[in-house]
Amino acid sequence: DIQMTQSPSSMSASLGDRVTITCQASQDIGNNLIWFQQKPGKSPRPMIYYGTNLANGVPSRFSGSRSGSDYSLTIRSLESEDLADYHCLQYKQYPYTFGAGTKLELK
Amino acid sequence: QVQLKESGPGLVQSSQTLSLTCIVSGLSLTSNSVHWVRQPPGKGLEWMGAIWSGGSTEYNSGLKSRLSISRDTSKSQVFLKMNSLQTEDTAIYFCTRYFDFWGPGTMVTVSS
């Protein structure tokens with residue numbers, strides 16, 4: 001199985017900060033990665049498709065990038081509505097696998 | 001618009017079989033895949049398996065021996081059955097159309 005190592009597991013940041021969350025894939029997944037945002041009691045919301053493509057309706061302060069086997073989700077300037085859990089998912093190979101998640105809180 | 005909604009028993013006894021239904025609207029199951037994802041309380045997401053537009057299925061290897069996904073296209077319903085439940089199967093169970101549209105999830109508690 002492909003392991004997705006997500007870091008950090010939790011972080012606190014101030015409004016206006018630049019925030020970066022990373023997933024490292026244990027095998028080549030190409031760009032077959034989705035980033036999700038999940039708020040308490042809600043379903044996951046796709047934010048970034050294919051590693052770098054912004055989903056419909058997602059604010060432009062969110063972006064996705066790739067460097068080798070490392071995939072990053074960046075929030076350019078943190079807003080209060082961005083406080084949530086974030087998950088990555090690889091869909092290159094079965095079984096599809098998620099990262100362990102990152103809890104983003106306010107400092 | 002596309003909507004999915006899960007339904008299930010809420011509480012299941014240990015060693016019993018879980019049966020969940022995902023009712024979809026606004027899409028055809030013969031043109032779309034539906035996946036099941038679960039999330040234990042306070043933990044991360046786990047992909048369980050999927051049924052593809054042609055009716056073929058894929059399962060998480062860790063669950064494969066206990067899991068079955070099927071569908072009734074005429075009723076726009078997808079079914080999940082998992083046997084030999086243990087307390088660690090306690091989770092919110094989601095169905096999703098290839099990760100873009102999601103149901104609200106249904107909580108399943110396995111009691112010993």
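Letters go in sequence order (proteins before strands), and every chain restarts at 1. The basis for the numbers below is simple: all heavy atoms, side chains too, and nothing from hydrogens, waters or symmetry mates.
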Using side-chain heavy atoms (C-beta onward) and a distance below 4.5 Å, is B:Ser61 in contact with A:Tyr94? no

Heavy-atom cut-off 4.5 Å, strictly under: side chain, backbone, both or neither for A:Asp85 against chain B? neither

Hey, can you tell me if A:Tyr96 and B:Trp47 have their rings parallel, tilted or perpendicular (30° and 60° cut-offs)? tilted

Between A:Pro44 and chain B, which part of the residue has a heavy atom less than 4.5 Å away: side chain, backbone, both or neither? both

Hphob cluster co-occupancy, A:Met4 + A:Met47, side-chain heavy atoms under 4.5 angstrom: yes

Please check if B:Phe79 and B:Leu27 belong to a single hydrophobic cluster, counting links between Ile, Leu, Val, Met, Phe, Trp and Tyr side chain heavy atoms closer than 4.5 Å. no

Do A:Tyr50 and A:Ile48 share a hydrophobic cluster (ILVMFWY, side-chain heavy atoms under 4.5 Å, transitive)? no

Looking at A:Lys42, I'd like to know if its NZ atom is crowded, meaning that more than 12 non-hydrogen atoms belonging to other residues, nucleotides or ligands lie closer than 6.0 Å. no

Rounded at 0.5 Å granularity, tell me how far OH in A:Tyr91 sits from NE2 in B:His35. 11.0 Å

Could you look at A:Gln6 and say if it's the side chain, the backbone, both or neither that has a heavy atom under 4.5 Å from chain B? neither

I'd like to know if A:Tyr71 and A:Ile75 are part of one continuous hydrophobic network [Ile/Leu/Val/Met/Phe/Trp/Tyr, side-chain heavy atoms within less than 4.5 Å]. yes

Is it the backbone or the side chain of B:Phe99 that comes under 4.5 Å from a heavy atom of chain A, or both, or neither? both

Can you check whether B:Trp102's main-chain N or O pairs, donor with acceptor, with A:Ser43's side chain at less than 3.5 Å? no

Same apolar cluster (I L V M F W Y, side chains within < 4.5 Å links), A:Leu33/A:Tyr86: yes

Specify which of A:Pro46, A:Gly101, A:Gly99 makes the most heavy-atom pairs with chain B at under 4.5 Å. A:Pro46

B:Glu46 versus chain A, the contacting section by heavy-atom distance below 4.5 Å: backbone

Between OG1 of A:Thr97 and CG of B:Asn60, what distance do you get to the nearest 0.5 Å? 9.0 Å

